[in-house]
Trainee: 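Here it is, the structure in full.
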Amino acid sequence: MDGDSVMAAMVEIEDLHWRYPTFDEAEEHPWTLKGINLRVEKGEFFGITGPSGAGKTTLCKAIMGIIPHGLKIPFGLYNHHFRGRVVVDGELVSAVDPEGNVVDGEARGRLFGRGIMSPKVGMVLQDPETQFVKMSLLHEVAFGLQLLRLPREEIEVRVRQALEMVGLGYLADDAEYIHPNDLSGGQKQRVAIASLLAMRPELLILDEPTSDLDPLGKREVIETVRMLHDEYQMTVIIVEHDPEILRRFCDRIALIEDGQVQCVDEATSFFRHMDRLERGGICRFEVSEIAYRTGIYHHGAIPITIEECLTCFPKGLDASLQPEDPRPQGEVLLEVKDLTYTYEDGTQALRGVNFQLHRGEVLALLGTNGSGKTTVAKILNGIYRPTSGTVTILGQDITRRSVRRELPRHVGYVFQNPDHQIFTRRVRDEIAYGLKNLGLSEEEIAERTVQALEAVNLTDKADEDPLFLGKGQRQRVAVASILAMRPEILIVDEPTTGQDYRMVSGIMELLENLHSQGNTVLIITHDMTLVANYCERVVVLLNGQDVFTGTPRELFGNPENLERTQLCAPQAISLSVAMRQLKEDFPLLLNKAEWIRALQTQRWV
Amino acid sequence: MAGTKKSPAHGRKFVRSFLFSVRIDSPLARLHVLTKLFAILALSLVIVQFINTEAPDPIGTILLILLTLLALHLCGVLRWVFRSYLLVIFPALLGMALVWVAFNPDPRGGVLLEIPIYSGELDIGISLGLGLFLAVLIGWYVVRKEIFWGLVGGIALAVAITSLLGNPSLTFARVPFFHPLTVIVSRNNLTVAVTKALGYGGMIFISLMLVMTTRDIEFIGVMRQVRIPYVVAFFVSTMLRSLNMALVDYGTIRQAQVARGVSLRRKNLFQVIADMAYMAVPLTASILRRSSEVGDAILIRGFTMKAKEPTEFHEVRPFTLADGVVVGVCILFLIATFGFHLNLTRWMGIL
């Protein structure tokens, strides 16, 4: 900022305070950012993490200049909403002169600074759908360049280059005819990156850009960004929850909590401070948790990578410590044979899917984006009619319309986005909504509502407006509203997407409780750690077909299976597999609970 | 398509339009939006002339409809027209034709059927048929909380009993109301009714030609061509995109309602309306959230209200020879119809 720094700073933030405006200035919001001081060096790959609601996105918007320049501050009362300074690449983005703008003797504050930092700064938002603002791929990528008033020929070249950079060069020829609805979530996110890259930003901010992507897509997007960072010395700020991405790609990581920077640390040491991470509700590495709980250290520090664990974890664990995978014992509730489905526009989503679901089991339905998982779920819930094949639920063939119409009684489906399934303005009424459709009496409805609220720990929120609850709570409301209908089978579609570590733990604890109460659960997810911790069997879809059916141990413990299914194994079992390279009969331990139990049993600690 | 590319897209045959999808290389997809608008206007005026009561031209109307359907078929959208609108268009047109015949007694051309329907006077009183009808209707509602089958049953019972026993009644007063109504089906009014129904159907297909074969980006291009301020054109573009997102959300929300058992029981009209009203909550929440995020996305690209006219890029479509030909043909149609009073049916000696 003062030009005397040895290393040039790309971002310098001094004592940044921000609170969002309300409609009623008599009741102001609490401060969202409470004195942020942060410096990001030029050319750095900087990570930001923290629990939901910590202020990460707000901070990114402040760097971008959207806050406060893109918002309307009531009565120009900048002093009430903004303090501090934000400087990007030596240019003042935002600052407020607290003595300026005097009205009726009151200094309301005068905002100054360049404002929104496009095209020098680009920002990729979390939702790939909303940042696709045009109706064709070509115009989407070209939009920013058109606004820069570049010559047409230059735009043509840059658009093609940008698409190549993000691995979508094969779409360049048809770009003019490709509608956003023709693209998957992962592709849309890459298009968002391409549209900013075409503008050649010096700083690229990515706000949880991979939360909607499958593991492979996630890695591809971040590797693309890392490659661009390395090749063009672009500064990158990424907001993420995934510790693997943060560790692998970032130079330094900042922990934001409650509107303040709690710490900034090198990526190699950030995840070794377990107490700090636990206090902050940050997702830790599985191997770190195992080591922390069993007192294993790598050169005096908590290990965070498999390579480190190979040098410090005991290799002599007995093969008998590997638990047996439970076999499905209950009756078959659901059987799918050669299921196909073709959408009205001719897209064939399913090309022959086969699997069974047993009573009382937790089955994971996995697959890359666009593999057909949600289509299967909607067929099982009666929303779609199968094109061909047989689906038998509770002994009934669902190709019959009369059977399909009754399916919501027996198969409950919790959608991925809780906002799509909140129909009333009170939590209690929301749960009663489905029960009224079942034709139950008022007494029965009241009783089931109470039970459902207790099951999800939302009894104290019964009279709240669900739209004003946090995302994790809204997800619980959605689960409760389906639970109350007491379906035999519960399908949960990506319940942990876009949620922080605490919320994920909460949701999974809930589902575990449901399972222990005898519910049969089908989970659609990209979270492999969740699968390893909670699911008994998995079915993997690829291009509309099932390519694997078995236990998580069989899937994650066999590299060939992983390659065939294009999935990545969670860290705990990856460590087991790596250990097997050193000792052939090393037990294949699936998750951190099995590891801790094994280590404690063998008394290595 | 919009822009200067002449060759079809590599590998892709269809592109999304306002409604459904259109074949990229089809004739209508290659026309300028203004040409299509002019054609719709011109052909609609021609059809209005063809369905003239005094000189109906069913042959001309049919010919125009066939040409329109052929154009829609070449664009690959015909199956969507019939799949989506079949249950709506034809009953509506049939109803229109019947109403025309009922309310336009025209004996010219030879009467085929004559049925007095109404004498021109209202009898105020009670009758056996009315009593039976009301008894069944009210009784059915009390027991089943439904109206439709009560209506059907009441009418059927009233007709059956009164046809057997007559319809004894007690008239308190007789009041003249409206004019007597006699349904006369003659060659003339049948021809007019059919021609009008075909004509309005034709206008529907012609209008669909626009929305089914035009992409939203083409409208933006037209706005730029006619020098509408960029901010306005951009607003329209964003609105169309937001509408697209809202439609996707609507579909998902509706599915979520089905998952909550909204279709499990029979519901009366009020309950069905209530279910639709329930959708307003998640739909509004989605739209509001998205609008905020779309606003951020636009700002991130550098758009401001003071944005200068940006570079044109594959938005504006030039007028081509095909546009000229279509406009010329439409003008010829107009001249032939309004200038020379062309009537193919009479010219062929059918009427």
Side-chain angles (χ1 to χ4, degrees), chain A residues 61 64 66 70 116 118-119 122-123 125 127 129-131 133-136 138-139 142-152 155 173-174 176-177 179-182 195-196 345 378 381-383 405-406 408-409 412-413 415 419-425 433-434 437-439 467 481-482 485, chain B residues 1-3 5 9-12 14-16 20-21 24 83 215-217 220 237-238 240-241 244-245 248-249 252-253 255-265 278-279 281-282 285-286 289-290 292-304 307-315:
Chain A
K61 288 185 182 179
M64 186 72 217
I66 294 174
I116 292 168
S118 174
M123 183 169 166
L125 304 171
D127 185 353
E129 196 67 47
T130 50
Q131 55 195 331
V133 297
K134 291 291 196 169
M135 299 297 275
S136 82
L138 179 74
H139 294 97
F143 178 42
L145 303 174
Q146 288 178 272
L147 290 173
L148 289 174
R149 307 184 81 199
L150 297 180
R152 195 187 159 100
I155 296 176
D173 287 334
D174 288 345
E176 189 175 347
Y177 306 103
H179 190 275
N181 291 357
D182 295 333
S195 60
L196 294 169
D345 64 0
K378 290 183 178 176
N381 187 240
I383 293 170
R405 196 170 52 229
E406 293 293 311
R409 288 186 195 276
Y413 181 26
F415 281 65
D419 292 338
H420 284 152
Q421 53 198 343
I422 291 176
F423 297 99
T424 68
R425 300 303 301 275
Y433 178 65
N437 291 327
L438 292 180
L467 292 176
S481 61
I482 296 293
M485 294 172 73
Chain B
M1 297 303 295
K5 283 189 181 177
H10 173 74
R12 288 187 79 90
F14 282 84
V15 66
R16 289 178 193 257
F20 310 112
S21 302
I24 291 172
R83 211 183 274 189
R215 298 175 65 198
D216 12 48
I217 197 76
I220 308 306
S237 165
T238 307
L240 291 172
R241 173 68 184 129
N244 180 252
M245 284 192 273
V248 172
D249 280 343
T252 307
I253 291 165
Q255 290 173 358
Q257 265 197 328
V258 170
R260 295 282 282 282
V262 76
S263 307
L264 282 174
R265 295 186 304 146
Y278 274 123
M279 292 184 70
V281 173
S286 279
R289 181 180 61 80
R290 285 201 195 283
S292 163
E293 291 172 6
V294 167
D296 287 342
I298 291 170
L299 288 174
I300 286 167
R301 306 294 180 79
F303 179 84
T304 67
K308 286 186 186 164
E309 194 73 15
T311 307
E312 189 281 319
F313 187 70
H314 291 275
E315 287 160 325

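From a predicted model like this one, the values you see are computed outputs, not experimental measurements. Reminder, nothing fancy here: chain letters follow the sequence lines and each chain counts from 1.
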Trainee: Examine distances only and state if a side-chain atom of B:Arg16 and a backbone atom of A:Met135 form a donor-acceptor pair shorter than 3.5 Å.
Mentor: no
Trainee: Do B:Arg301 and A:Gln146 touch side chain to side chain, with heavy atoms closer than 4.5 Å?
Mentor: no
Trainee: For B:Arg290, which residues count as a salt bridge (charged side-chain N to carboxylate O under 4.0 Å, His left out) partner, sequence neighbours excluded?
Mentor: A:Asp127, B:Asp249
Trainee: To check you understand the geometry: which heavy-atom pair defines the closest contact between B:Tyr278 and A:Phe423, and what is its length?
Mentor: CD2-O, 3.3 Å
Trainee: Taking all non-hydrogen atoms of both residues into account, name the closest pair between A:Arg152 and B:Glu312 and its distance.
Mentor: NH1-OE1, 2.9 Å
Trainee: Is the backbone of B:Glu309 close enough, under 3.5 Å, to the side chain of A:Arg149 for a donor and an acceptor to pair up by distance?
Mentor: yes
Trainee: Quick check on A:Leu438 against chain B: is it the side chain, the backbone, both or neither that has a heavy atom closer than 4.5 Å?
Mentor: both
Trainee: Nearest 0.5 angstrom please: A:Leu138 CG to B:Ile217 CD1, how far?
Mentor: 8.5 Å
Trainee: For the candidates A:Gly439, A:Ala142, A:Gly144, which exhibits the highest count of non-hydrogen atom pairs separated by less than 4.5 Å from chain B?
Mentor: A:Gly439
Trainee: Check whether any side-chain N or O of B:Thr311 sits under 3.5 Å from a backbone N or O of A:Pro151 as a donor-acceptor pair, and report yes or no.
Mentor: no
Trainee: For the candidates A:Ile482, A:Leu145, A:Leu150, which exhibits the highest count of non-hydrogen atom pairs separated by less than 4.5 Å from chain B?
Mentor: A:Leu150
Trainee: Report which part of B:Ser286 has an atom under 4.5 Å of a heavy atom belonging to chain A: side chain, backbone, both, or neither.
Mentor: side chain
Trainee: Heavy-atom distances under 4.5 Å only: say whether A:Leu147 touches chain B with side chain, backbone, both or neither.
Mentor: both
Trainee: Is it the backbone or the side chain of A:Met64 that comes under 4.5 Å from a heavy atom of chain B, or both, or neither?
Mentor: side chain
Trainee: With chain B, which of A:Gln131, A:His420, A:Lys134 has the greatest number of heavy-atom pairs at distances under 4.5 Å?
Mentor: A:His420
Trainee: Would you say A:Thr130 and B:Asp296 make side-chain contact, with heavy atoms under 4.5 Å?
Mentor: no
Trainee: So which of A:Leu148, A:Ile422, A:Leu467 has the largest heavy-atom pair count under 4.5 angstrom toward chain B?
Mentor: A:Ile422
Trainee: What part of A:Lys378 gets within 4.5 angstrom of chain B, counting heavy atoms only: side chain, backbone, both, or neither?
Mentor: side chain
Trainee: Any idea which heavy atoms bring A:Val133 and B:Ser237 closest together, and the distance?
Mentor: O-OG, 4.4 Å
Trainee: Which atoms of B:Ala259 come close to chain A, meaning under 4.5 Å heavy atom to heavy atom: side chain ones, backbone ones, both, or neither?
Mentor: both
Trainee: Quick one: of B:Glu293, B:Arg265, B:Met245, who has the most non-hydrogen atom pairs under 4.5 Å with chain A?
Mentor: B:Arg265
Trainee: Return the minimal non-hydrogen interatomic distance between A:Ile383 and B:Val258, and the atom names on each side.
Mentor: CG1-CG1, 4.2 Å
Trainee: For chain A, which candidate among B:Ile253, B:Leu264, B:Ile220 shows the most heavy-atom pairs at distances under 4.5 Å?
Mentor: B:Leu264
Trainee: So, taking the atom named CG in B:Leu299 and the one named CD1 in A:Ile116, what distance separates them when rounded to the nearest 0.5 Å?
Mentor: 4.0 Å
Trainee: Test A:Phe415 against B:Gln255 for side-chain contact (heavy atoms from CB on, under 4.5 Å), laying out the working first.
Mentor: CA-CA 9 Å; A:Phe415 281 65; B:Gln255 290 173 358; 3.8 Å; yes
Trainee: For the pair B:Phe313 and A:Glu176, evaluate side-chain contact (heavy atoms from CB on, under 4.5 Å) and give the outcome as yes or no after the intermediate values.
Mentor: CA-CA 11 Å; B:Phe313 187 70; A:Glu176 189 175 347; over 6 Å; no
Trainee: Please determine, among B:Thr238, B:Thr304, B:Thr252, B:Ile298, the option with the most heavy-atom pairs under 4.5 Å with chain A.
Mentor: B:Thr252
Trainee: Report which part of A:Thr424 has an atom under 4.5 Å of a heavy atom belonging to chain B: side chain, backbone, both, or neither.
Mentor: both
Trainee: With heavy-atom distances below 4.5 Å as the criterion, would you say the side chains of B:Arg215 and A:Ser136 are in contact?
Mentor: yes
Trainee: Report which part of B:Asp216 has an atom under 4.5 Å of a heavy atom belonging to chain A: side chain, backbone, both, or neither.
Mentor: side chain
Trainee: Please identify each residue that fulfils salt bridge (charged side-chain N to carboxylate O under 4.0 Å, His left out) with A:Glu129, with sequence neighbours left out.
Mentor: A:Lys188, B:Arg241
